[in-house]
**Student:** 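Got a structure here, written out as structure tokens. Questions coming.
Because the structure is a prediction, the values reported are computed rather than measured. A note on names: the letters A, B, ... follow the listed sequences, proteins ahead of strands, and every chain is numbered from 1.
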Amino acid sequence: MLLISCPNCGPRDETEFHYGGQAHVAYPENPDALTDREWAEYLFYRDNTKGNFAERWVHSTGCRKWFNMLRDTVTYDIKAVYKMGEPRPDLTSARQDATSPEGASK
Amino acid sequence: MSLWEKPYFSTLKGPVKMAETATPAETAKSANPEMLRAARRSPASHLASTFESGSVDGTVALKEIPFQTMVGVRVDRASDAGARLASVTGGLPAVCGETIRNERSTTLWLGPDEFLVVAPETAHDSLGGDLVRALVEALGEHPGQVVDLSANRTTFELSGIRARDVLEKGCSLDLHPREFRTGTALATEIGNIPAILFKTGEDRFRIFPRASFADFLGRWLLDGMREFASPEVP
């Protein structure tokens, strides 16, 4: 069981939260201009990072607010919790990040 | 791409009228409050006698407090509408866990912009009160919500020196009085279901489960209380 620190409510059990997938996937500026492949990549293609991964979570049985979290997908260490709209924190361990071959590193 | 020219959520744009907030005051004029009260059945009314027989005198007791008036408020605390609503409730709590009480209601923090106003049954407009109307008028036409949620949740009161032990069986919050002080209310999980836990006294908790979970949580709490009805094993 992960103990997740909600920015509003403090540390709570993982079961109070729901996962929202990869963070910082921006909506295309001009969706009409995208090819079907680009649109499909926006909709469905996500990074499969080994290491620190920025993802969205919602505290569904608490304050019901979304937030971002930087989690190590290998060790499940929670490296940072930050609010929606804030940029991904620059950790010194960022060099561990794997680069994704293609897809949603938008 | 023609599929995306009209997003399906476009129908949600524009002012959304909260029709249900207007109804209680109207029904108050037409219906007799005594008839209304007699016709209602609370979500855990069928467990009332079980609660009574399951309670242990001086150790732990469970009862339902039915039909409390509850109003969901969503508003930006810093806005004018927030200030007007705060003048009705005596203030809007600022941080997680905080509650604010005045002579007519208690306001619980549910989120940075979400609050639950709880008041006795008689504060409801259908029984001659004016709480919902006062909150609707305070919000006015400004962005936000005031919704009568009285039927959304019921209230359990768990009290006694063993109340904390019962709760700790299914709630992973730190309920020690050092951390969880009287007057604190937290939305969390109790017995794996979402509920609001409000500490109203040193050995007294109020639990607000959704109506559909009332039967489950009532029986779950009763099961947790059962060991205290038996003689202690040395």
**Student:** Can you confirm whether more than 12 heavy atoms, excluding those of B:E168, are under 6.0 Å from its CD atom?
**Tutor:**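 Buried by this count: over 12 neighbours within 6.0 Å.
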**Student:** To the nearest 0.5 angstrom, please state how far the OG1 atom of B:T188 sits from the CZ atom of A:R12.
**Tutor:**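 The OG1 atom of B:T188 sits 5.0 Å away from the CZ atom of A:R12.
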**Student:** Roughly how far apart are B:I190 CD1 and A:T61 OG1, rounded to 0.5 Å?
**Tutor:**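 Spacing of CD1 (B:I190) from OG1 (A:T61) equals 10.5 Å.
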**Student:** For B:R210, does the CZ atom sit with more than 12 other heavy atoms under 6.0 Å from it, leaving out its own atoms?
**Tutor:**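 Open: at most 12 neighbouring heavy atoms sit under 6.0 Å from CZ of B:R210.
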**Student:** Assess whether atom CG of B:D223 is packed by more than 12 heavy atoms of other residues, nucleotides or ligands within 6.0 Å.
**Tutor:**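 Counting neighbours around CG of B:D223, more than 12 heavy atoms of other residues, nucleotides or ligands fall under 6.0 Å, so yes.
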**Student:** Would you say A:D13 and B:E189 make side-chain contact, with heavy atoms under 4.5 Å?
**Tutor:**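 No, side chains not in contact.
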**Student:** Where on B:L173 is there a heavy atom nearer than 4.5 Å to chain A: the side chain, the backbone, both, or neither?
**Tutor:**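 The side chain, not the backbone.
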**Student:** Based on non-hydrogen pairs under 4.5 Å, which of B:C96, B:A195, B:G111 is most in contact with chain A?
**Tutor:**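 Maximum pair count with chain A is reached by B:C96.
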**Student:** Please say whether more than 12 non-hydrogen atoms of neighbouring residues, nucleotides or ligands are located less than 6.0 Å from CZ in B:R101.
**Tutor:**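 Open: at most 12 neighbouring heavy atoms sit under 6.0 Å from CZ of B:R101.
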**Student:** Take atom NE2 of A:H18 as the centre, draw a 6.0 Å sphere, and report whether it contains more than 12 heavy atoms from other residues, nucleotides or ligands.
**Tutor:**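 12 or below, so no.
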**Student:** What distance do A:C63 atom SG and B:L186 atom CG have between them, rounded to the nearest 0.5 Å?
**Tutor:**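 The SG atom of A:C63 sits 11.5 Å away from the CG atom of B:L186.
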